Every structure is written in C-alpha cells, then in structure tokens.
Amino acid sequence: MTDMPEGVDAAQFQQLVTRLQQESQRKAPAAAAPEPQPLAASDLHPMPQSGTPLHQECLRLGEEALRRGEVAVAIVVGGAATRFGGGVKALVPLLDGRTFLDLRLENIRQVGQRYGASVPVALMTSPLTHEGIEAYVSQRGLGRDILLFRQRMLPRLTPNWELFRGADGKPSLAPSGHGDFFRALRESGTAAELRQRGVRQVFFSNVDNMGATLDPLIVGLHVKLGKAMTVEVTSRTSPTGALDTGAAPVRIGEHFQLIEHVDSTKHALISTNDITFDLEALLENDIQVPYRVARKKVEGQEVLQLEQVTGEASTLVKEDGRPLLPVAFIETPRKDPKTSRFEPVKAPEDMEFVVSRLRERLRAQGGGGGSGAGVPQKRQEGAVKELELKLARVRAILEKHQLGAVRLRGVDWFAWATCGGSNVVLLTTDVGVAEVLITREGAWVLTDAIEAARLEEEEVPRGLPVWSSPWTARDQRESFIESKRGGRPVASDRPSGKEVPLPAELVDARHALLPEELERYRALGRDAAEAMTEVLLAAKPEWTGWQLAGAGAEALWARGIHPALTLVGEERRLPLHRHATASGERLGARAMLVFCARRHGLFANLTRFVYFREPTAEERKFVTDVARVEAAAFRASRPGTSLGEVYAAMVEAYKASGHPGAEAFHHQGGSCGYLSRDDVAVPGSRVIIQPSNAMAWNPSLPGAKIEDTVVVSDQGYEILTVDPRWPTFSLEGRARPDLLVR
C-alpha cells in the first residue's frame with residue numbers, strides 16, 4: 001500500500017490489514033475461548049458512602065494528591081461534529097453559550113482552585129480538530145496548563161480490504177479511535193512532560209461525557225485500590241429506560257477485562273470510558289491495544305474503519321499471563337442527575353435531556369437554582385480566598401488615602417464585602433440590618449443581638465467575625481468603631497457626620513468582578529432566565545398584569561432569588577409606557593415581563609415578550625431595530641471605554657435604524673452588578689467600564705425592548721441571562737431573544 005498518511009508505516013499497516021482480514025475469515029476460533037462472565041458483586045467497588053471511614057480515607061487520599069499537583073486530566077477531543085452541523089464537537093455550544101470543552105475545563109479549574117494547585121490538562125486532538133482546538137487554547141492564553149497531542153489517522157478500506165479512495169482519488173482517512181491514546185501520549189512526549197511536572201495519576205475521559213467531573217473521591221479510590229487502571233462502570237439502562245451499547249466489564253478466567261461486543265441482556269453494566277491511570281504504567285509498558293473493524297458509510301459507500309478502544313487495554317497480558325495493566329472497576333451512579341457520572345451527548349437529540357440534568361446538578365450544588373440562596377455562605381467554594389483578596393484591596397486603599405476604616409452599610413456593599421451574603425430583612429430598603437467595618441488590622445460584621453446568630457450561621461464567610469450589641473444600645477456600635485479607626489477618617493458608601501465617601505478606586509474594584517463572583521452571577525443569570533421562560537410559557541391572555549408579576553415573583557423565589565422588580569406591560573399599556581408597572585388589566589394578545597432579580601447581592605436584569613397571536617410586520621421590525629441598537633452598545637462596550645461613548649454609539653444606532661431621538665424616552669441602561677444599575681449611561685458620562693464589568697443595556701421603542709445581563713472583558717462579552725428553550729434570532733452572528741409566540 002502507498003499514499004500512507006504521516007506517521008503510518010506502509011509495511012506495518014499492510015501486516016495489520018492482512019492479520020485482521022485473516023481473523024475475519026477464520027470460520028472458528030483456534031481454541032475454545034472461555035465465555036466472558038458478568039462481574040460478581042464482589043468484583044466491583046461501589047462509590048464510598050459519605051460519612052463512612054472508607055469515604056473519609058479515599059477523599060483524603062484524593063485531596064492530598066490534588067494538593068501535591070499529582071493529578072492530570074486527559075480528554076479526547078478528536079471528534080468532528082458531523083451530527084452537530086460540522087466543525088469541532090468539543091467547541092459546540094451546549095449550555096448557555098458554553099461549549100463542551102468550556103464546561104469540562106471550568107470544572108477542572110474549580111477543583112484546582114479549591115486545592116491550591118494547577119491541574120494539567122492533556123487534550124488528544126485529531127488532524128480533524130487540532131487546528132480549532134489549538135486556536136481555542138491560544139486565544140484564551142491556556143498554553144501553560146493545556147498540552148495538545150494528536151491521535152493518528154488511518155486509511156479506510158473497501159469491503160475487499162483494499163485502500164478506499166475518496167472522490168479526489170486520495171486515500172480516505174479516519175481517526176484511529178480513542179485507544180490510540182497510549183501511543184500518542186507516549187510518542188508525543190506528553191506523558192514524559194506530565195511526569196516531569198510531578199503527575200502520578202491521569203484521569204481520562206471523552207469530552208462529550210458531561211458527568212465526567214474531576215472528583216477527589218474517585219482519585220483517592222484509585223490510589224487506594226492500587227491498580228494500573230481504574231475503570232468507572234455504570235448501569236447499561238439509561239435514565240430513559242433504554243439499553244445503551246458499550247464495552248462491558250467481564251471476568252475471563254481469573255482476569256477482569258472490558259469487552260466491546262457482548263450480549264447486552266446478560267451484561268447489565270457498561271464502561272463510561274472514564275478511566276484513572278497510573279502514569280508510570282503508561283510510560284513503562286508498550287500498550288498496543290487491539291484494532292476493531294467497524295463498518296461505516298462514506299460518500300454513499302460501505303467502508304471498513306480500523307479503530308482502537310481505550311478500555312480494551314485491559315485485555316492485554318504479559319508473557320507470563322498476568323495482565324499488562326491490572327484493572328479495578330468502580331460502579332458509579334447514573335440515575336440521579338445530581339450524582340450521575342455518565343451523561344453522554346452523542347447526538348443533537350441528547351442535548352436537551354442532558355442540559356436539563358446538568359441544570360438540576362448545578363442547583364443541587366448551590367451553583368444555580370433553588371438551593372443557591374439557602375446554602376450558608378460558609379460552605380460556598382472560594383469564599384475564604386475571595387474575602388482575603390477583597391480585604392487586601394480595601395486595606396491597600398486605606399493606606400493610600402490615610403483612612404482609618406471603611407464602613408459599608410448598603411445592601412449592595414454588604415453583599416460585596418461578605419462574598420454574597422445578605423443583610424436584607426425588609427426587601428425594599430437599601431440599607432440592611434448589618435454593616436461591614438474594615439480597618440487596617442481587622443474586619444467585622446456589625447449588627448445587633450437579634451440578627452447576630454443567623455448572620456454568622458447563614459450569611460458571613462469564615463474570617464469575618466460578627467460583633468453585636470443589644471438592639472437597644474446603638475451607641476455601643478459607634479463606640480466600637482471609634483476605638484478601631486485609629487484616629488483616622490472613616491469612609492463609607494453612605495457617609496454621615498464626618499465620614500467621607502469611598503475612594504473611586506474602591507468603587508472600580510467592586511465593578512471588576514472576581515472569578516468567584518462570576519460563577520455566582522452565571523448561576524443567577526441561568527436561573528433568572530429559566531424562571532422567565534417558565535412563567536411566560538404558562539401565562540394566559542386572561543391573566544391580569546398582577547397575576548403575571550406574581551407568577552414571576554413566585555418563580556424567582558422558588559430559585560432563592562429576590563424579585564426586586566417585576567414590571568409587566570399588558571397589551572393596551574405596552575406601547576404607551578416604557579416603565580409599565582403591573583396593573584389589574586388583562587394581558588390580552590401580548591405582554592412584556594421584566595425582571596431585576598437579586599441573589600447573593602448580584603442583579604440579573606432581563607426583558608422578554610410573549611405573544612398570543614402572530615406579530616405584525618411593524619412589531620417584528622421594532623424587535624430587530626432595538627436589537628441593532630443593542631448590538632452597537634455591545635460593540636462599543638470594552639474595558640477602558642466610557643459609558644458616555646457607549647451612549648453616543650446607541651444614539652447613532654437609533655438614527656441609523658430610522659428612530660432618531662428615541663433615546664430620550666427611556667434610559668438606555670449601563671453598568672450593573674450589586675445594583676440593578678450602578679451607573680446609568682448619560683451623554684458625556686466619564687464612568688469607565690472595568691475588566692469583567694457587568695452591563696445591562698436596554699434600548700426600547702414603543703412596544704419593543706431588549707435587555708440581558710452581560711459581562712464585558714477584553715475578549716468580548718458573555719451573556720449571562722440565557723435559557724436555551726427561549727426562541728432566538730441571529731444578529732451579527734449572535735443569538736438574541738425573539739418574541740415567544742404561542
């Protein structure tokens with residue numbers, strides 16, 4: 001055979017083809033092979049139960065390995081998105097604009113941050129995906145922690161075992177399967193690089209299994225079991241009741257193996273292809289996984305593809321008959337989305353099901369949904385580090401301005417300083433039942449005896465003690481502050497007496513959101529958007545505006561979100577009033593619903609419309625027109641740009657859309673975060689957009705408006721308030737909310 005792709009030896013490939021052809025033509029096995037038997041319960045290791053000594057030991061072992069930097073992650077990203085419209089499957093958006101790879105890397109980063117160590121990631125690309133993945137890594141500056149290595153391509157064959165050539169006359173090539181991992185990792189030098197970095201365990205998985213999170217419990221159980229490879233297996237029965245195909249864990253004689261082709265009615269478990277390997281075993285052994293012949297259709301013709309399956313490394317034996325890679329099997333959960341470790345997305349029709357389960361998992365973890373507000377702040381990941389960083393920033397500003405203390409009274413500043421805590425009892429107040437005092441030497445939450453225990457238990461992170469006085473003795477708080485300010489001035493967000501306003505750089509620091517704040521914001525945005533969709537899908541023309549506003553508030557409260565604002569424009573009032581507060585009028589044929597939704601102190605702002613009839617051509621045009629004005633705002637919104645410059649761009653966009661002067665009838669939005677609007681854009685405003693600044697622009701016309709909450713960075717912007725169920729239209733390459741026509 002000639003015309004071999006790079007890295008494939010023609011003579012060796014011919015030998016492989018000859019051997020596989022002979023095996024396929026063999027009428028009977030040379031010797032009776034033992035029947036693969038399902039694993040007995042004693043052959044499997046269940047996930048350790050929380051609270052047991054085994055759970056504690058495995059968690060300790062895994063956490064120690066992560067803290068020492070001994071764990072890396074390998075992800076297969078070689079697949080083309082042929083069933084998802086083409087391109088690179090790993091880069092296909094899955095959840096709120098985030099791709100498969102975004103979500104996987106987000107989990108790995110969170111784990112690394114939690115244990116204070118970088119987790120190297122090795123991505124196995126193919127020639128079909130390498131360029132796209134390489135660009136993704138480069139654009140995000142991830143080159144240090146992400147290593148790329150390629151699986152190879154092999155020629156396809158005709159059913160007669162000859163080279164299959166495409167329409168161009170050249171050999172048609174296909175990726176050799178994820179089982180090429182062992183060769184590619186070693187020959188690329190990636191395995192040696194990981195060893196040099198101190199890595200000892202490698203967690204391997206496919207990019208499209210959204211349950212394959214990096215879990216210290218799994219790592220620790222692998223360490224305890226002491227095998228070269230630890231394979232996660234799960235029920236063959238999917239949550240929908242279907243029987244999935246896949247390699248099964250079996251016992252053949254005294255050896256445990258994964259076998260691809262078995263009777264699914266006899267083998268109730270399948271491999272998730274989540275495997276934890278000992279890196280030394282991968283470096284020390286020549287792991288030549290057997291090839292399988294898969295029949296495919298290419299250009300309308302039947303072809304043979306040669307593929308390797310990673311798990312079948314478990315079938316290899318040494319000369320003395322012992323396994324080359326001794327294997328252990330962990331039985332992991334699948335049914336409950338909150339704990340499932342197998343959530344594969346193999347086709348577009350899988351996406352809706354898996355996304356809904358991912359959202360349920362996020363809510364259960366406090367990362368989105370109903371449990372978010374009920375999780376005590378002390379248990380929120382990253383709160384301690386976030387607090388330390390904020391205190392350091394404040395103290396640097398105290399030193400620079402020769403201040404003795406800052407006193408943060410407002411609901412907004414309290415939430416910022418306590419990393420998402422709340423001092424709210426009365427929802428309509430801007431000053432709550434507690435404040436934060438920060439000096440050069442210490443920091444405290446100041447409150448009265450009524451609130452102290454609850455705040456300490458539910459709202460305040462570790463490292464921020466709660467000081468309280470009798471509710472009848474307000475003067476004691478003032479005396480405490482006087483004793484701590486060191487004779488220097490006190491700055492406050494709401495100054496009184498001799499206090500001075502907060503320095504401008506502290507206000508700017510609040511606008512520049514930290515990674516932990518962004519995580520809370522993303523969860524809030526998703527939940528608020530889902531609440532909006534839920535309510536408008538249920539709304540009826542005979543509802544009153546009050547009923548729609550009440551349903552919106554109920555949907556937000558169910559997710560632990562304060563309904564700070566629920567505006568409703570009913571059919572008659574909608575074109576008349578830009579700020580249409582809810583009334584007793586019937587919704588009629590169309591309605592607008594607006595949320596300013598607060599959780600952990602952050603505000604998600606969004607507007608949506610429901611129609612109970614077909615929109616008119618003019619109504620459709622107005623939707624597009626306000627979206628074009630918003631697009632101008634998005635283009636102008638960059639760190640370092642002033643709100644005045646963005647406002648001017650929006651004014652010009654109104655003119656270009658045929659609506660000169662329309663900006664005069666409603667404010668256009670501005671920066672947000674811990675207020676629904678921190679600063680509303682006005683002509684000539686010199687307020688500067690900060691890195692990772694939240695923004696909410698809301699251009700409007702009679703009966704039309706568009707509004708979402710976004711975060712602006714040097715790379716562009718991220719829209720937070722997205723529910724994939726909501727209909728969209730495309731403008732300048734981005735999806736924008738359309739009218740919901742029912």
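For clarity, every value in this text was computed on a predicted model and none was experimentally measured.
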Pair Glu388 + Lys390, salt bridge at N-O below 4.0 Å: no
Answer yes or no: is there an ion pair linking Glu63 with Arg60, defined by an N-O contact shorter than 4.0 Å? no
Residues forming a side-chain contact (heavy atoms from CB on, under 4.5 Å) with Ile397, sequence neighbours excluded: His401, Pro503, Glu505, Leu506
Ring pair (Phe, Tyr, Trp, His ring centres under 6.0 Å): which pairs involve residues 478-505, sequence neighbours left out? Trp444-Phe480, Trp467-Phe480
Do other residues, nucleotides or ligands put more than 12 heavy atoms under 6.0 Å from Glu554 CD? no
Have Glu707 and Thr607 got a donor and an acceptor in their side chains that come within less than 3.5 Å? yes
So does Thr213 get a backbone contact from the side chain of Asn107, meaning a donor-acceptor N/O pair under 3.5 Å? no
Would Lys705 and Val594 count as a side chain to side chain contact (heavy atoms under 4.5 Å, CB included) if you check the C-alpha gap in whole Å, the side-chain angles of each, and the deciding distance to 0.1 Å? CA-CA 10 Å; Lys705 181 186 173 191; Val594 182; 3.9 Å; yes
Going by the rule salt bridge (Lys or Arg N to Asp or Glu O under 4.0 Å), which residues pair with Glu663 if we only count those two or more places apart in sequence or in a different chain? none
Between Leu455 and the options Thr418, Ile450, Thr447, the side-chain contact (heavy atoms from CB on, under 4.5 Å) test singles out Thr447
Test item: side-chain donor near acceptor, His666 and Arg578, under 3.5 Å: no
How long is the span from the CD atom in Glu451 to the CD atom in Glu459, to the nearest 0.5 Å? 10.0 Å
Nearest atoms (heavy-atom pairs only) where Ala415 meets Gly601: CB-CA, 3.5 Å
Determine, for Glu718 against Arg522, whether the closest basic-nitrogen to carboxylate-oxygen distance falls under 4.0 angstrom. yes
List the atom of Pro724, the atom of Arg359, and the distance in Å for their closest heavy-atom pair. CD-NH2, 2.8 Å
Take atom CD in Gln49; do more than 12 heavy atoms of anything else shown fall under 6.0 Å from it? no
Would Glu570 and Ser583 count as having a side-chain donor-acceptor pair, cut-off 3.5 Å? yes
Ser492-Arg409 side chain donor-acceptor pair, cut-off 3.5 Å: yes
For the residue pair Tyr674 and Glu517, confirm or rule out a side-chain donor-acceptor distance under 3.5 Å. yes
